[in-house]
Amino acid sequence: IAVVYDVSLGEVIYAQNENAVTAPASLTKLLTALVALDHLAPGKTITVGEEINLIGENSSVAFLAVGQKYTVKSLIDALLIPSGNDAAYVLAVNTARVAANDNNLSIDKAVSDFVRLMNDKARKLGCVSSYFCTPDGYDAEGQQTTALDVVKISIEARKNATIRESVQKEKSGGWVNSNALVCKTSSYYNECVTGLKTG
């Protein structure tokens with residue numbers, strides 16, 4: 001399964017099984033970041049809550065702790081650099097509460113609302129074969145995407161300055177980018193690579 005998309009031409013130049021349905025895994029976080037930034041200002045401060053306990057077994061995490069305070073911009077780093085599933089839930093819950101204008105929205109209702117916002121966003125981007133069930137991409141029944149749909153999400157993600165800046169960082173605080181292609185100390189480093197996300 002593969003797609004090569006030329007941004008300057010605005011067209012797919014190579015594709016193999018581009019419409020094959022597959023699990024989105026952590027590539028989901030690009031959509032999570034987009035939806036969060038639709039509703040939250042990068043400089044807004046957020047307090048980590050009990051939602052971090054929703055992460056699945058053996059999740060990749062940013063080691064967030066209940067009660068810690070982060071800006072949205074820092075949480076985007078936590079989401080995209082170490083691929084923190086905990087950051088995904090913090091962003092999901094707080095985004096949904098802002099979208100609903102209800103700070104008392106329960107964690108479960110907030111996550112459910114956020115997933116709805118994710119699917120609304122995916123449809124607006126033309127992702128006709130995708131359906132998302134979790135903000136972190138952790139495997140769930142019915143959760144699916146295609147390589148072509150991921151390209152559509154990625155094109156939109158590249159337009160966002162906060163996301164674009166985050167995914168190019170080798171490190172942020174104690175977080176190291178899970179994308180070895182942007183890490184200068186890695187044997188996989190490629191100076192031409194500017195992101196976006198591993199899956």
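Residue indices begin at 1 and follow the sequence shown.
With a 4.5 Å cut-off on side-chain heavy atoms, Gln143 and Pro24 count as touching. Counting heavy atoms from C-beta outward, Val182 and Glu170 have side chains that stay 4.5 Å or more apart. Under the 4.5 Å side-chain criterion, counting only non-hydrogen atoms from C-beta, Pro82 is not in contact with Ser178. For the pair Thr146/Val150, no side-chain contact is recorded, criterion being any heavy-atom separation below 4.5 Å from C-beta on. Counting heavy atoms from C-beta on, the side chains of Met118 and Thr32 come closer than 4.5 Å. A heavy-atom distance below 4.5 Å is not found between the side chains of Pro42 and Thr71. Between Asn53 and Tyr89, the closest side-chain pair of non-hydrogen atoms is not below 4.5 Å. Between Ile153 and Cys127 there is a side-chain heavy-atom pair separated by less than 4.5 Å.
Note that OG of Ser166 is 7.0 Å distant from CD1 of Ile76, once rounded to the nearest 0.5 Å. From Leu75, atom CG reaches atom CG of Leu64 across 6.5 Å, with rounding to the nearest 0.5 Å. Annotation: the span from Thr22 atom OG1 to Asn19 atom CG amounts to 12.5 Å, rounded to 0.5 Å. Note that CD1 of Ile107 is 5.0 Å distant from CD of Glu51, once rounded to the nearest 0.5 Å. Atom-to-atom distance recorded for Asn17:CG and Leu148:CG is 12.0 Å, nearest 0.5 angstrom. Atom OG of Ser130 and atom CG of Asn119 lie 8.5 Å apart (nearest 0.5 Å).
For the pair Ile13 and Asp6, the tightest heavy-atom approach, listed with the atom from each and the gap, is CG2-CB, 3.9 Å. Across every non-hydrogen atom of Ala110 and Ala96, the tightest pair is O-CB, 3.1 Å. Of all the heavy atoms in Asp86 and Phe63, the pair that sits closest is OD2-N, 3.0 Å. Of all non-hydrogen atoms in Ala140 and Thr134, the two that sit nearest each other are CB-CG2, 4.1 Å. In plain terms, the two heavy atoms of Thr28 and Pro135 that are nearest each other are CG2-O, 3.9 Å. Nearest heavy-atom pair across Asn179 and Val193 is ND2-CG1, 4.4 Å.
Take Lys184 and apply the side-chain hydrogen bond (donor to acceptor under 3.5 Å, both in side chains) test, not counting sequence neighbours, and it matches no residue.
Around the CG atom of Asp102, the shell of radius 6.0 Å holds more than 12 heavy atoms that belong to other residues, nucleotides or ligands. The local environment of NZ in Lys169 is crowded, with over 12 non-hydrogen atoms from other residues, nucleotides or ligands closer than 6.0 Å.
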Residues Val90, Tyr70; criterion side-chain contact (heavy atoms from CB on, under 4.5 Å); working and verdict: CA-CA 10 Å; Val90 174; Tyr70 292 93; over 6 Å; no
Residues Thr47, Lys69; criterion side chain to side chain donor-acceptor pair (under 3.5 Å); working and verdict: CA-CA 4 Å; Thr47 303; Lys69 295 181 185 295; 2.8 Å; yes
Candidate pair Ser83 and Lys197, rule side chain to side chain donor-acceptor pair (under 3.5 Å), full reasoning: CA-CA 8 Å; Ser83 198; Lys197 183 81 185 66; 2.8 Å; yes
Worked check of side-chain contact (heavy atoms from CB on, under 4.5 Å) between Lys171 and Ile81: CA-CA 7 Å; Lys171 293 180 180 179; Ile81 294 176; over 6 Å; no
Derivation of the side-chain contact (heavy atoms from CB on, under 4.5 Å) call for Glu18 and Val12: CA-CA 10 Å; Glu18 68 274 23; Val12 173; over 6 Å; no
CA sep, side-chain torsions, deciding dist, call: Val72, Ile46, side-chain contact (heavy atoms from CB on, under 4.5 Å): CA-CA 7 Å; Val72 169; Ile46 284 176; 3.7 Å; yes
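Without hydrogens or angle criteria, Trp175 side chain to Asp77 main chain gives no donor-acceptor distance under 3.5 Å. In this structure, Asp149 contributes its side chain and Ser129 its backbone to a donor-acceptor pair below 3.5 Å. Put simply, the side chain of Ser186 gets close to the backbone of Tyr188: a donor and an acceptor are under 3.5 Å apart. Panel note: side chain Glu156, backbone Lys152; no donor-acceptor pair is recorded below 3.5 Å. Looking only at distances, a side-chain donor or acceptor of Gln68 sits under 3.5 Å from a matching main-chain atom of Ala65.
Leu40 and Leu80 end up in the same hydrophobic cluster when Ile, Leu, Val, Met, Phe, Trp and Tyr side chains are linked at under 4.5 Å. At a threshold of 4.5 Å between side-chain heavy atoms, the hydrophobic network of Ile, Leu, Val, Met, Phe, Trp and Tyr places Leu27 and Leu37 in two separate groups. Leu105 and Ile52 sit in two unconnected hydrophobic clusters of ILVMFWY residues. Membership requires side-chain heavy atoms under 4.5 Å apart, directly or through other members. Hydrophobic clustering, with ILVMFWY side chains joined whenever heavy atoms are under 4.5 angstrom apart, groups Val98 together with Leu117. In the hydrophobic clustering of ILVMFWY residues, with side-chain heavy atoms under 4.5 Å counting as a link, Phe114 and Tyr138 come out apart.
The pair Asp136-Lys29 fails the salt-bridge criterion, with no side-chain N (NZ, NE, NH1 or NH2) lying under 4.0 Å from an Asp/Glu carboxylate O. Under the 4.0 Å criterion applied to side-chain N and carboxylate O atoms, Asp113 and Lys109 are assigned as salt-bridge partners.
When each of Leu196, Ile163, Val167 is checked for a side-chain contact (heavy atoms from CB on, under 4.5 Å) with Arg158, only Leu196 meets the rule.
Remark: the Glu191 side chain and the Tyr189 side chain contain no N/O donor-acceptor pair separated by less than 3.5 Å.
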